[in-house]
Amino acid sequence: MYRSIASEIPRSPGFYLLPSASIWITLQHQRCVIRHISSAARKRRALPNAFPVLDLPLQAIHQHVYEANHRNSKTCHNRYVQLNKKVTKGGGDNAIARHTQRNRKLLVKDRLRLLLDDEDFLELSRFAGLGLPYGDIPSAGCLTGVGKINGLWCVFIANDATVKGGTAYPITVKKQLRAQEVAIQNRLPCVYLVDSGGAFLPLQSEIFPDKNQGGRTFYNEAIMSAMKIPQVSVVCGSCTAGGAYIPTMAEETVMVHRIGTMFLGGPPLVKAATGEEVTPEELGGARLHAEVSGCVDHFAWEEKEAFEYTRNIISTLNFTLPEDDDKEEERPLYSSDELLGLAPRSYNYSLDAKMVISRLTDGSRFQEFKARFGTTLITGFAKIHGHLIAIVANNGELSYQAALKGSHFVQLCDRRDIPLIFLQNTPPSAAVTLSVSQAEINSNRIKAQASMMSAVACASVPKITVVIGGCHGADSYVMCGRSFDPNFLFLWPNARVSMTAAGYAGSLLHPNSEHQQDEEDIAKKMQSKINLTLEEESSAFFSSGRLWDDGVILPQDTRRVLRDCLEIIKQKQYQLSKEKLQSGILRI
Ligand code: COA
């Protein structure tokens, strides 16, 4: 939990009662013991700061690189818009007509409009499901994100039944599990809008049996409930087979009359087995489940009413949110549009990372830490929309000194409870060892990087990673890549994600000098093939399609996305009761 109590610590030693903060503070030889008397009633005040301004306007010397980056950013932006259009269409015009006209259901975007306070929500992994070996699955068949319901940030997981009846592909399961993980890591209530034909049967072997597959969703619901992370669901469509367990395992469920159905096998199965003709309503409609089975708790005549119920359920959760703080925030000195020219088209087009920082932080202010040591890593403190944060940004190869500095800084922030923001732009490939002295440098670097990996992995503060350029090799782990469990990880559209960058595979596969000419030719062909593969597979959209991240964000939106993430992360301190229970709530 964050503590801004440092702001109330008086400077001279002594024994004080601070009436505004209701905190007794004992200071002995500069060491203080702090006891909270009433944290809910306490008003908090951040320490004033006058961090230095990073006065870094674009210079004529940057022009050439800036323009090349800008052109590349425009190309990436066009691709972003194109994919966005594709995803917006969901399963296509016919499926939309079937969904809205024949089945009389609301589209998922209209459902979210009724559920959430406004459209200002943080959508996660919008491009997940595009470009997969089994085809394009728009939004992976379900929309996930974090939005506000009655002022409270909640994770939502909403099936899009226009995409193959909302059935679960392997990527759908992965997306749902990631959304649950976001809810767990940030202690956010979770709302499920269920409208799904269950498993996509042709790919059942990739959905059903393994640990992080279908069943994990239900397991998570139970353990989340036990962790006091509320689980609410709305049955607003088909809920067949495994799908039936999502609402049944939720703590509280709403079901819509004549829209929602829930059964293990549908009417065709009953007919085939017994010859009996039953309607979906008789077999598993809202009336049956609200009045007879007890699988749901609220009966809604229509979808609009169901979302009103859901918003009211959220109001019963035990949170007290702080009053809105309408104090003025400092904007960066420079336009965020300039980030388009700073987003490197390749590693060689990277400009000073402080130029990026100065276009993200309040007032372009930055209190740098160890400015003269290990300068290929920039570390320091800043504010984003008033939230105190710590920035770790690549500014070249992560040298021995840079990694030592990184370890020190990460531990410092962990001790002070300050969220870490990693701006990742790693070199295209690992340094090659060509001499004994180089071997020594590289070995020392490995040791320092291993220490920093450990510091990052063990830091208990929230972490957010934004890949602003390259994400290659071990440097990407050190900079809190996906496997290091950041609370959120986003990519800029220009980002490149691969073990080594395209064009650099040559050094790893060079032919043996004793080889005959034809063998060298074969090796060269292999190199060019691998480089082509690396080029194709390293794009930000390829990565996001496979859910290796939480989505592609535009550089100019980064400040807003970081603000949302920081608010979301902070919310857990407003939940009144958090201790873990023995079991999830049972529907009995
Ligand atoms: N696996 C694979 N494809 C499925 C599917 C499943 N479980 N359920 C539906 N589909 C496909 C349909 O074949 C159809 O594909 P098409 O658009 O290429 O023709 C598409 O999804 C939409 O299904 P459709 O039945 O036309 O739409 P609908 O809105 O009338 O009904 C369902 C949707 C989900 C209610 C209905 O398809 C259904 O009951 N499916 C079977 C569910 C089931 O038994 N699941 C068990 C899984 S363990």
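Start at 1 and go down the list; that is how both ligands and their atoms are numbered.
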- Task: Look at atom 30 (O) of ligand 1 and say whether a protein heavy atom is found at less than 4.0 angstrom from it.
- Result: yes
- Sub-4.0 Å heavy-atom approach of Gly242 to ligand 1: no
- Would you check the N or O atoms of Gly198, main chain and side chain alike, for any that come under 3.5 Å of an N or O of ligand 1? no
- Query: What protein heavy atom sits nearest atom 18 (O) of ligand 1, and how far off is it?
  - Reply: Lys164 NZ, 2.5 Å
- Item | Asn103, portion touching ligand 1 at heavy-atom distance under 4.0 Å | side chain
- Message: I want to know if ligand 1 touches Thr167 in the polar sense, i.e. an N/O pair below 3.5 angstrom.
- Response: no
- Atoms of ligand 1 less than 4.0 Å from Ser238 heavy atoms? 35 (C)
- Task: Please indicate, with yes or no, if any protein heavy atom is found under 4.0 Å from atom 14 (C) of ligand 1?
- Result: no
- Message: Within the protein, is there a heavy atom lying under 4.0 Å from atom 37 (O) of ligand 1?
- Response: no
- With a 4.0 Å cut-off, strictly under, does atom 3 (N) of ligand 1 pick up any protein heavy atom? yes
- Decide whether a cation-pi geometry holds between Arg546 and Phe542; the criteria are a distance under 6.0 Å from NZ or CZ to the six-membered ring centre and an angle within 45° of the ring axis. yes
- Determine, counting only non-hydrogen atoms of the protein, whether one lies under 4.0 angstrom from atom 7 (N) of ligand 1. yes
- Full working for salt bridge (charged side-chain N to carboxylate O under 4.0 Å, His left out) between Asp210 and Arg216: CA-CA 9 Å; Asp210 210 349; Arg216 194 75 182 177; over 6 Å; no
- Item | Under-4.0 Å heavy-atom contact between protein and atom 44 (O) of ligand 1 | yes
- Any idea which part of Gln204 is under 4.0 Å from ligand 1, heavy-atom wise: side chain, backbone, both or neither? neither
- Which of the numbered atoms in ligand 1 are below 4.0 angstrom from a heavy atom of Gly197? 7 (N), 34 (C), 42 (C), 43 (C), 45 (N), 46 (C), 47 (C)
- Within the structure, does at least one protein heavy atom fall under 4.0 Å of atom 23 (O) of ligand 1? no
- Query: Out of curiosity, is Arg102 lining ligand 1, as in a heavy atom under 4.0 Å away?
  - Reply: yes
